[in-house]
Amino acid sequence: MNRYTFREYVGLEEVVGPIFIIRNIHNVGYNEVVEITDQENKNRLGITLEVGKGFAVVQVLGGTSGLSLSNCRVRFTEEPLKVGVSTDMLGRIFDGLGNPLDGLPQPVYEEFIDVNGLAINPTSRQYPCNIIETGISSIDVMNTLVRGQKLPIFSGSGLPHDLIATQIARQARVKEENFCVVFAAMGVKYDTAQFFIKSFEESGVLDRVAVFLSLADAPSIARLMTPRFALSCAEFLAFKKDMHVLVIMTDMSNYCEALRELSTVRGEIPARKGYPGYLYSDLASLYERAGMIKDAKGSITQLPILTMPNDDITHPIPDLTGYITEGQIVLERELYARGIYPPVAGLPSLSRLMKDNIGKGMTREDHPALTSQLFSCYAHVKDVRALASIIGEEELSPLDALYLKFGEEFERRFLSQGYFERRSIEQGLDLGWEIISILPKEELARIKEEFLEIYYKPSNK
Amino acid sequence: MANLVGRVYRVNGPVVELEGVTNLKMLDMVQVGPQRLIGEVVRLKGDHGFVQVYEDTTSLRAGDEVYSEGFPLFVELGPGLLGNIYDGIQRPLEVMRKKQGVFIQRGMHNRSLDTEKKWHFVPLVQTGKEVSGGEVIGQVQETARILHKIMVPVNIKGKIIAIKPEGDYVIDEEIAVIVDEKGKEYKIPMVQLWPVRRPRPYLKRLSLEEPLLTGQRVIDTLFPVAKGGCVAVPGGFGTGKTVIQHQVAKWSDADIVIYVGCGERGNEMTDVLLNFPNLIDPRTQRPLSERTIFIANTSNMPVAAREASIYTGITLAEYYRDMGYHVALMADSTSRWAEALRELSGRLEEMPLEEGFPAYLPSRLAEFYERAGKVKTLSNDYGSITIIAAVSPQGGDFSEPVTSHTKRFIRCFWALDRELANSRHYPAISWIDSYSEYLEDVKNWWHRQISPEWEKLRQNIMELLQKEQRLLQVVKLVGTDVLPPSQRLVLEVCSLFKNGFLQQVAFDQIDTYSSARKQFLMLKSIITFYQQADGLIKKGISIEELREQPIFNEIMRMRQKFSEDMLEELNNFPRKVEETLRELDL
């Protein structure tokens with residue numbers, strides 16, 4: 001950091017976990033950057049978490065290992081943390097705090113912006129429109145992704161969330177000149193990060209990707225800043241450079257763990273499962289940075305990935321995320337175990353913004369009704385299966401047997417598709433009709449007669 | 001005006017501790033630091049004071065000066081509120097956008113109302129008249145449908161010694177002068193101030209009689225809310241709380257709607273803001289934005305202002321209630337408000353109770369819900385406030401503190417059901433867990449206005465739904481085939497009722513709104529079908545035969561077929577159902 005010189009203080013009062021307390025200081029602002037020089041003359045960055053008369057509590061982004069109470073020199077920079085951004089960041093790999101990891105020099109920054117971002121005035125937002133065709137039917141037809149939306153993937157350990165994210169990143173770029181990806185990895189393993197980079201490389205988008213890596217062995221505290229650095233970069237690209245940015249953040253669970261760690265060290269009152277009471281507000285300060293604004297052509301679409309601890313969707317992390325994001329794509333272990341990829345759970349998945357962006361003039365006129373009907377029929381399949389497991393499939397009524405068949409076809413043919421298979425919305429809808437036509441017409445109460453006449457085609461038994 | 005009242009001692013997020021405090025009262029509004037950030041005093045201790053700041057406190061430092069004018073946090077009340085959009089402490093977001101651009105910057109001090117716009121004022125009293133607080137002295141046509149009454153500020157009583165003639169004035173201009181019995185003169189402009197945390201006074205509370213018609217069938221027919229009542233709408237994420245709030249805001253027959261987006265998504269507010277000016281109210285044929293005030297404090301805006309937004313909203317509601325209007329307040333979501341309380345309480349190092357919520361959570365909730373009600377106003381008019389509050393229980397668990405405490409203060413409960421939402425049955429209001437204690441209050445209205453049969457028919461369908469619930473337990477184990485035909489008929493009719501009545505597509509032009517009359521006729525058709533079919537079944541006609549009747553399909557699709565101007569045709573529909581089935585008998 002090449003800034004002016006500041007008053008320098010020597011010695012800390014207390015170091016605990018990722019934070020330290022320093023006394024006998026003055027004129028220090030809340031939420032401002034601190035530079036710390038340890039005894040080996042290495043610099044680290046910190047941020048003031050709390051300031052008071054004559055003292056400050058500082059979180060050290062690089063971790064506190066190796067800091068001593070007496071030999072450490074501290075400078076207060078009197079400004080909030082700013083991050084340098086530039087279009088040259090595309091095609092580059094950085095650590096969690098924006099330092100290059102690819103051996104190249106720092107890019108020439110075009111602008112420095114506040115890493116925490118500012119809240120978008122609700123009156124200057126533009127309502128997300130234009131769907132992103134991902135080529136995956138379970139998303140395009142059932143849970144349509146819209147430009148400017150934040151749609152997380154709720155996954156579990158061992159499920160193929162990384163594959164789905166890369167498939168979306170690869171297939172969504174078609175026809176889009178100014179499309180780019182910002183990828184933030186928080187606390188993931190080296191292999192996972194490599195998988196992403198490799199798949200970006202193979203699909204030839206790597207020069208359109210800015211990568212921020214804070215791997216599992218980096219100090220946990222750096223994870224708190226990584227998504228903020230990434231989103232600041234995305235904001236610059238979208239709102240200043242008119243690009244359509246897809247931000248992939250993995251794994252949000254690790255981010256929340258780091259937040260809990262910091263909160264516990266500070267002795268804050270925990271809310272649920274030890275997570276701080278402000279977890280909702282904190283997550284919102286990340287997720288709400290998605291969207292479109294009136295004065296810019298670009299957009300930020302967020303695809304956060306989180307692994308639900310113990311596959312529990314009521315855990316605070318997926319729960320609070322679901323309350324902020326505009327829907328969720330839930331992956332289901334049972335489907336995956338049966339060899340269905342992508343294992344997008346039929347019922348709990350949802351896209352809130354699809355309602356205004358599908359149908360006549362946007363996708364196809366029958367899309368909303370067909371989707372609703374598929375959901376409703378698939379919900380009934382679950383009941384029938386439960387019943388069949390008790391009384392046996394042979395005992396089912398003829399109608400229920402049809403439902404069973406529908407369920408099987410829906411999962412095997414509609415949900416399931418290859419990692420490199422790209423299915424257009426049109427194809428997806430046609431396939432949906434083909435499968436739903438297994439059921440008698442009377443069961444399709446949610447579809448208007450006029451659509452049934454055109455699209456309903458019962459198979460010749 | 002503003003005096004130095006102390007200096008910053010400590011900054012911990014939105015909570016700032018002051019030292020050297022003089023002349024500060026609880027709940028006084030203060031301005032903190034060089035940017036004059038707005039805050040409110042929440043605790044005093046010796047010469048220290050604690051302030052919750054409504055803006056981001058980045059860069060505040062110990063020793064920064066704190067000023068106060070000695071007023072509590074207030075809102076501006078006057079013509080120009082309708083159609084506006086404010087943040088949690090009534091700052092005009094539209095104006096802020098013009099001044100600061102896309103992002104919300106700090107230290108904005110703007111008047112809430114447009115001070116340059118001229119309003120056409122019509123006096124309604126003459127000089128010499130004795131008036132007291134709350135009395136109407138003039139009026140302004142605020143929007144094409146809402147007449148804004150100019151009232152004497154509540155604490156003033158005396159004789160009018162001057163009043164402006166009919167003409168165009170700005171809100172700050174003095175339009176009347178009142179002299180009280182001590183000879184003190186008060187200049188009355190069209191705008192007045194009111195502290196948000198204090199309920200506005202009224203003459204007396206009245207019992208509730210009239211339903212707030214929402215046009216949503218499951219609500220109006222099964223779980224109605226009275227004008228002046230309180231409803232909680234709890235539901236996990238994705239169960240459709242916000243869509244229900246939007247639907248009620250759009251179609252309810254309230255005169256004024258206040259929509260408080262409290263800690264929710266930015267895009268949802270945008271959706272409302274873009275949509276409402278284009279939506280036409282079916283009753284008045286005017287854009288919905290002409291009766292709506294928006295308060296938007298999205299989840300990433302400062303948390304202390306989120307706490308205040310609920311109070312700002314209810315104070316605006318009370319102001320219009322005092323003019324004699326029926327106001328509906330949507331609060332989406334009160335859980336976010338409770339979480340803001342929890343966050344601030346934690347920063348104040350207060351003793352936490354369950355899940356970290358402060359001990360005063362129930363009393364704050366009670367205070368808020370008690371501000372709803374139907375009243376006789378100070379000007380002898382009648383007005384009401386209906387609160388429709390979304391609750392977002394953590395993990396969808398209705399036993400968590402906010403939901404369980406809320407239940408104590410409301411009388412109507414629209415429980416949203418995850419399974420219904422999963423099968424895309426919207427609105428996902430569960431007919432098993434929901435309840436309304438307003439049924440007794442509103443049934444006379446239905447009997448008078450629609451039909452004396454209403455209560456009986458409603459009772460019929462509720463009984464069928466209960467019966468279905470029990471039958472489904474059996475069906476889960478053995479399937480439907482083994483049930484006797486009369487029980488299978490119950491299942492069929494309930495499924496018909498669910499698909500053809502309870503489900504309502506918010507995005508379908510015809511289905512989105514159903515008048516009370518349409519709801520009644522639809523209900524009657526379904527009950528008629530059941531009664532006739534029950535007779536036929538006993539005579540040996542099979543369920544399959546019944547289902548194949550075209551009339552079955554017609555009932556299923558009547559919600560989308562009969563628009564509001566086809567009610568005449570729908571009027572004959574119950575008879576048609578009856579006759580068709582009777583023919584089957586022959």
Side-chain angles (χ1 to χ4, degrees), chain A residues 26-32 50-54 80 118-128 268-272 277-278 280-281 284-285 288 291 293-295 314 316 319 322-324 326-328 347-348 350 353 355 368 372 375-376 379 386-387 390-391 395-397 400 442 445 448, chain B residues 9-12 17 19 57-63 85 93-94 96-97 101-105 237-238 265-267 269-271 273-274 296 298-301 303 336 339 342-343 346 352 355-356 392 394-397 422-425 475-481 499-500 507 547 553 556 560:
Chain A
H26 61 273
N27 208 21
V28 172
Y30 170 72
N31 207 7
E32 288 184 347
E50 185 177 336
V51 297
K53 200 174 183 180
L118 291 162
I120 300 176
N121 188 326
T123 60
S124 38
R125 271 184 193 272
Q126 203 184 322
Y127 195 66
E268 288 173 334
I269 293 162
R272 216 156 56 109
Y278 50 80
Y280 177 83
S281 304
S285 73
E288 280 290 324
I293 56 175
K294 280 177 184 158
D295 308 347
T314 65
D319 190 44
Y323 275 122
I324 305 166
E326 284 133 357
Q328 62 277 334
L347 302 181
L350 169 76
L353 299 181
K355 62 180 178 5
S372 173
F375 270 118
S376 146
L387 181 63
I390 297 170
I391 62 172
E395 297 294 312
L396 290 176
S397 69
D400 282 351
E442 296 77 48
K448 285 190 184 156
Chain B
Y9 175 76
R10 193 164 72 111
V11 187
N12 181 4
E17 187 178 344
E19 63 171 352
T57 49
T58 296
S59 293
L60 270 189
R61 52 202 69 217
I85 168 163
L93 287 170
E94 201 67 58
M96 286 166 82
R97 179 171 71 90
V102 172
F103 297 100
I104 296 176
Q105 314 276 348
F237 60 83
R265 304 175 181 88
N267 279 335
M269 278 325 288
T270 311
D271 184 18
L273 290 176
L274 293 178
T298 56
S299 52
N300 55 343
M301 283 158 76
V303 70
R336 305 295 160 235
E339 277 164 19
R342 172 169 74 185
E343 184 172 342
E355 301 204 350
S392 321
Q394 293 180 337
D397 169 16
N422 278 351
S423 61
R424 303 306 190 260
H425 171 116
V475 170
K476 260 193 193 138
L477 295 176
V478 295
T480 47
D481 283 358
N499 284 310
F507 316 106
R547 279 189 57 140
N553 209 352
M556 184 81 94
Q560 280 167 334

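These numbers come from a predicted model, not from an experiment. A note on names: the letters A, B, ... follow the listed sequences, proteins ahead of strands, and every chain is numbered from 1.
B:Asn300 contributes no side-chain N or O that, together with a main-chain N or O of A:Ala119, makes up a donor-acceptor pair within less than 3.5 Å. For B:Arg97 (side chain) and A:Pro122 (main-chain N/O), no donor-acceptor pair under 3.5 Å exists by modelled atom type. With hydrogens and angles disregarded, a donor-acceptor distance shorter than 3.5 Å links the side chain of B:Arg61 to the backbone of A:Asn27. A:Ser124 contributes a side-chain N or O that, together with a main-chain N or O of B:Val102, makes up a donor-acceptor pair within less than 3.5 Å.
To the nearest 0.5 Å, atoms CZ (A:Arg125) and CG (B:Asn267) are separated by 5.0 Å. Atom CG of B:Leu93 and atom CG of A:Asn121 lie 4.5 Å apart (nearest 0.5 Å). Here the straight-line distance linking atom CD of B:Glu343 with atom CD of A:Glu268 works out to 9.0 Å at 0.5 Å rounding.
In this structure, the portions of B:Gln394 lying under 4.5 Å from any heavy atom of chain A include both its backbone and its side chain. Both the backbone and the side chain of A:Glu288 have a heavy atom closer than 4.5 Å to some heavy atom of chain B. In this structure, chain B has a heavy atom under 4.5 Å from the side chain of A:Ile390, while its backbone stays farther away.
Under the 4.0 Å criterion applied to side-chain N and carboxylate O atoms, A:Arg272 and B:Asp397 are not assigned as salt-bridge partners. In this structure, B:Glu19 pairs ionically with A:Lys53, as a charged nitrogen and a carboxylate oxygen lie closer than 4.0 Å.
The shortest heavy-atom contact between B:Gly356 and A:Ile269 is CA-CG2, 4.4 Å.
The most heavy-atom pairs under 4.5 Å with chain A, out of B:Gly101, B:Gly500, B:Gly63, B:Ser392, come from B:Ser392.
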